[in-house]
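The next block holds one structure in the form of structure tokens; read it before the comments.
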Amino acid sequence: MPRPDVDERIPRLHGRQRLIHYLLIWMGPSALVVVAFAVIQHLFVQRLPLSDLTASIYLIPAVVGSLFGLLVARAREMQRETRAAVALLDKHEREMERLNTHLEDQVAVRTRNLEQQQALQRSLLDALPEIILLTDGQHLTEANAAFFHLFPEYGSLDEFRAEQGCISQLFEPAEDPAVLTPDDRDWVRRCAKRPEQVHKAILRRRDRRWVFDVNARALPEIEEGSYVVSLADITALEQTRERLQEASAALRHQLYIDDLTGLPNRARLLADLERTSEPVLLILNIDNFREINDFFGHATGDSILREVAARLSASLPDGTGPLYRVGGDEYALLYAGCADQPPPERLAARLVDAVRATPFYGDTDAGVILSVTVGVVSGEQGLVDPFTAADLALKTARSRHLDWLPYSEGLETHREYGENIRRVQVLREALDAGRVEPAYQPILDLDSGRVTHFECLARLHTADGRVVLPREFLPAAHTTRLYPRITLAMVNHACRDFAERTEHFSLNLSMSDILDEATVEGLLGTIQRTGTGERVVFEILESEGLSEPQRFARFMERARALGCRFAIDDFGAGFANFEYITKLEVDLLKIDASLIRELDHEPAARVVVDTIRRFAHRLGIETVAEYVHSPGILEAVRELDIDYAQGYHVGQPGSPSTLPPVPASRAG
């Protein structure tokens, strides 16, 4: 049976070509057969004695010849078609052989690539630090090298399955719902359904605890119920997290717990105040604790502080508290006021009695009886926060010698508090606008009768043109960081105003100025830049000069290198410390107004002033009499041979515009 694909491809003759083909092939054999058959028939007929044979007998050879020719033509056609079919089949077979060879080569190449990819994937899986498992949820079918690093006692997965079965049997129990447990048979499916959640597993192997982050993914393309599971080792991360939690807890403890008493501290109190509505707050301070601490020592002081904390805590009614230590010798009690809590005044009296009940001994044999003061605040306090209100009440109670005092807006300390805030605001605005300027008061040289010095006195000019004296804004400046700005403003103005003048000018410095490195660098830099060092006199209060002798000496050395001189201001206020003069090696003594103002009618004052003058002159120190407010005082100062006089009788402080004009020779 011929193949259809081959049969269709055999060249066949049709129509006229087929007819011509048959004629050409048929005529030759037919003619040969007819002639041969006719000759034979003729010879045969000639021998027969039949006279009635006709010529039609010769039709037989013609018919036979024609049929024979047709048969030959058909046979020739079939032979040709057969040869063509055989050739096509041979060609097709050769093509099939080439195709089979090509397919075999492709299959071999793809097989090698697949084997290489599988080997590479296996190498990558084995190189991963994570454990990669192929499982149906209960049994393991594949595992990478990391699995056998965790279980080196098993040479193959079959050995593990034979002994352990599922890896979940090795999970440690845990209370955390995110941690997988041994009794969770559906752990793989659950992990695969909730990939966004954190799943962890804990194993203990070779005396080591391992924590793994577990991820699972279904693989339906391989087989229904197949999953790939990864176990990432997060042991180091968990240990780091635990250490961070411990460190955070320790930091929170340090931030909110007082180490000495174990009580919550000021930071904890302020945080709790923000979360407490209508708080009741008591602040308790131990009276004169600094003297006790200095006399008995810090160890005894610490012991007393701990015992005070214990007594206060023991005296609190149930449900009242907590108790805080908010300062060196200061405690606080915070609770939300309600009907079942004692009134704050009664609780304050109870705390006072608890501390005063018996003496404190600490590490000494001498008993110390402490007294305390309590400030009380209840509910909302308007613009004043509860802590500040309680502290104001405590300070007022101490100033009135009371055991405790409730806060009210009518307290004097409250008014002072508000006034200080207002003064600080005014001072800051004036400094920002450059309205803190010097006023220059002349100092008379009694020998020459000329004004040779000026003292620079700070004046604050308000926005409405009012002049504020130092006694109104300097206390507020000392309690803020604004005081150094006042000092630098005075230095800048004075050095600029006297840069082209010949007179000396004095500037008041406090010990806080000298201890502030930025202030020191700023004022010395200005003096050096303006070249006014040889005319600058720094006035230091008698009470401040020796509080930091080494740093003060370094400042004097740097200032003297620029030509600056030093004066003791208000010398003799209270008592005159002559040792103080010898240690500081100053250039001038300004005798306090308390000694000068009654010099014309108080003999005792004359004796003290004369003693100061004699002592100073023997040391080569010039003297200045302050508060020379009348002709009689000026005459008494002259009689005592004092070098300079300063006061309203000599001249009042004036603005820079009131300074005498600069001599023409100097100006030019």
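Numbers for residues simply follow the sequence, beginning at 1.
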Give a yes or no on whether a salt bridge exists between [X] and [Y], defined as a side-chain N under 4.0 angstrom from a carboxylate O.
X: R614; Y: D610; value: yes
X: D432; Y: R485; value: yes
X: D353; Y: R356; value: no
X: R560; Y: D587; value: yes
X: E622; Y: R565; value: yes
X: K590; Y: E539; value: yes
X: E517; Y: R551; value: yes

From [atom1] ([X]) to [atom2] ([Y]), nearest 0.5 Å:
X: L351; Y: T373; atom1: CG; atom2: OG1; value: 12.5 Å
X: Y627; Y: R597; atom1: OH; atom2: CZ; value: 5.0 Å
X: L316; Y: L347; atom1: CG; atom2: CG; value: 6.5 Å
X: L507; Y: T532; atom1: CG; atom2: OG1; value: 8.5 Å
X: L469; Y: R459; atom1: CG; atom2: CZ; value: 5.0 Å
X: L446; Y: E639; atom1: CG; atom2: CD; value: 12.0 Å

Axial cation check for F473 ring with R423, 6.0 Å and 45° limits: no
Donor-acceptor pair, distance only, cut-off 3.5 Å: does the side chain of [X] make one with the backbone of [Y]?
X: Q441; Y: G651; result: yes
X: R306; Y: T261; result: no
X: Y331; Y: I286; result: no
X: R266; Y: R268; result: no
X: N265; Y: R325; result: no
X: D516; Y: T519; result: yes
X: N492; Y: L488; result: yes
X: R638; Y: D447; result: no
X: D513; Y: S510; result: yes
X: R398; Y: V372; result: no

Got [X] and [Y] here, is their nearest side-chain heavy-atom distance under 4.5 Å?
X: P438; Y: H493; value: yes
X: V609; Y: L599; value: yes
X: V537; Y: F566; value: no
X: E291; Y: N288; value: yes
X: L394; Y: T396; value: no

Qualifying residues under side chain to side chain contact (heavy atoms under 4.5 Å, CB included), relative to L273, sequence neighbours excluded: L269, L270, P279, L281, L334, P386, F387
Results of ring-ring contact (aromatic ring centres under 6.0 Å, His included) for H453 - residues two or more places apart only: H504, Y644
Heavy atoms of other groups near R450 CZ, more than 12 under 6.0 Å: no
Flag if over 12 foreign heavy atoms under 6.0 Å of CD, E472: yes
Partner of E626 under side chain to side chain contact (heavy atoms under 4.5 Å, CB included), chosen from I443, D569, I591: D569
CA sep, side-chain torsions, deciding dist, call: F555, F538, ring-ring contact (aromatic ring centres under 6.0 Å, His included): CA-CA 11 Å; F555 172 74; F538 288 120; 5.6 Å; yes
Check: F505 ring centre within less than 6.0 Å of F454 ring centre: no
